[in-house]
Structures are given as structure tokens and as C-alpha cells.
Amino acid sequence: MKNNYQDLVYECTRKIPRGKVCTYGIIADFLGLGSARMVGWALNKSFQMDPPVPAHRVVNRKGELSGRNHFADPTMMQTLLEEEGIKVKQDKVMQLEAILWRPQIEDFD
DNA sequence: TAGTTGACGACGG
DNA sequence: TCCGTCGCCAACT
């Protein structure tokens, strides 16, 4: 079911293309959650989901990997991003503006 | 039932 | 430009 905000967050996160990232604020704003912390809350529990949610593609507005400590290994988030071709330096994505993805209404029907 | 927590962001000094 | 404070609100204890 997808009646709660968590499922909306998961669905939105799964739409993020490989090699792109999104921010908590953008997702919160797009879904009308009002608070970016809500997105963090949802993603905190996303590891239990099937299929998995690419939570590593969500960063804070400065591009920092603020959620890395919630992965099994704090370096996993960086590793996953680098495997997708995203440059990460000092726990922060490089050229954030260039790889930033924004959800579109038509993506969700 | 009520208080606390939290992967954030906006704003003011 | 940088840093500290506050608001947001669902989930947890």
C-alpha cells in the first residue's frame, strides 16, 4: 500500500536515476511534507523495504552524505555513489548542481 | 497520553 | 559568509 508519506518518499527516491542525486528538501517540498526531516525519518527505515530504496542518492542541501552513518558501513554510501560515477570528496558530492535531479509530476502519473 | 528524538532547512545576527 | 537557533511533524519510548 502507498497511503502514507513513507511510501511516497520511497517511490520518489526510486525514481532518482543512476548517477544522479536528490536532496531531502527537494523531496519534502515535492511531496508537500513540510519538513525535510520527514524524508530522513522515512529513509531511516528504508533498509527494511523490498525492493530496496536507493537512499544513498539522497543528500542534504549542501551535498553532504549526512545519512552515511545509518548504512551498514559509513563508507558504503560513498562507495555506492562512486560506483555510479558520482565524485565524492570528504563526505560531500562534487558538482552537486550538475548531478542534481528534481522529481517531475509526469514521473508519477 | 505526553515528552523526546531526528539522515533538514530557513532565517537572523 | 558563517554560525546558532528555531520550526517542522511522525515515530518512538
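All values derive from a computational prediction rather than experimental measurement. Convention: sequence-line order gives letters A, B, ...; per-chain numbering from 1.
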Original post:
Can you get from A:F71 to A:L43 by hopping between Ile, Leu, Val, Met, Phe, Trp and Tyr side chains that sit under 4.5 Å apart?
Top reply: no
**OP:** Sort out for me which residue in A:V21, A:V53, A:V58 forms a side-chain contact (heavy atoms from CB on, under 4.5 Å) with A:I16.
**Re:** A:V58
**OP:** Applying ring pair (Phe, Tyr, Trp, His ring centres under 6.0 Å), name anything that partners A:Y10, two or more places apart in sequence or on another chain.
**Re:** none
**OP:** Taking heavy atoms of chain A and a 4.0 Å limit, find me the 5'-most and 3'-most nucleotide of DNA chain C within that range.
**Re:** C:dG7 to C:dC12
Original post:
Which residue pairs satisfy the ring pair (Phe, Tyr, Trp, His ring centres under 6.0 Å) criterion with at least one member in residues 83-109 of chain A, sequence neighbours excluded?
Top reply: A:F30-A:F108
Which donor-acceptor pairs under 3.5 Å do the side chains of residues 76-85 of chain A make with protein atoms, sequence neighbours left out?
from  : atom 1 : to    : atom 2 : distance (Å)
A:Q78 : NE2    : A:E82 : OE2    : 3.0
A:T79 : OG1    : A:T75 : O      : 2.9
A:E84 : OE1    : A:G19 : N      : 3.2
A:E84 : OE1    : A:R57 : NE     : 3.0
A:E84 : OE2    : A:H56 : NE2    : 3.0
A:E84 : OE2    : A:R57 : NE     : 3.2
A:E84 : OE2    : A:R57 : NH2    : 2.8

Original post:
Would you write out the dot-bracket form of DNA chain B, 5' to 3', with Watson-Crick and G-U pairs under 3.5 Å, [ ] for crossing pairs, | for pairs to other strands and . for unpaired bases?
Top reply: .|||||.||||||
Original post:
Got a sec, which residues hit side chain to side chain donor-acceptor pair (under 3.5 Å) with A:D107, two or more places apart in sequence or on another chain?
Top reply: none
Original post:
With sequence neighbours left out, which residue pairs that include part of residues 75-95 of chain A fulfil the ring pair (Phe, Tyr, Trp, His ring centres under 6.0 Å) condition?
Top reply: none
Original post:
In Å and rounded to the nearest 0.5 Å, what is the CD1 to CZ distance from A:I26 to A:R102?
Top reply: 4.0 Å
Subject >> Summary of ring pair (Phe, Tyr, Trp, His ring centres under 6.0 Å) pairs that have at least one residue in residues 74-100 of chain A, sequence neighbours excluded >> reply: none
Subject >> Point-to-point distance, once rounded to the nearest 0.5 Å, from CG of A:L33 to CD1 of A:I27 >> reply: 9.0 Å
Tell me which donor-acceptor pairs under 3.5 Å the side chains of residues 86-96 of chain A have, and how far apart each pair is, sequence neighbours excluded?
from  : atom 1 : to    : atom 2 : distance (Å)
A:D91 : OD2    : A:R68 : NE     : 3.4
A:D91 : OD2    : A:R68 : NH2    : 3.3

**OP:** Let me have a per-nucleotide readout for nucleotides 2-13 of chain B, 5' to 3', with B, S or -, counting only protein heavy atoms under 4.0 Å.
**Re:** ----BBBSS---
Original post:
Which pairs with one or both residues in residues 13-39 of chain A pass side-chain hydrogen bond (donor to acceptor under 3.5 Å, both in side chains), sequence neighbours excluded?
Top reply: none
Original post:
Quick one, which residues of residues 81-102 of chain A touch DNA chain B with a heavy atom under 4.0 Å?
Top reply: none
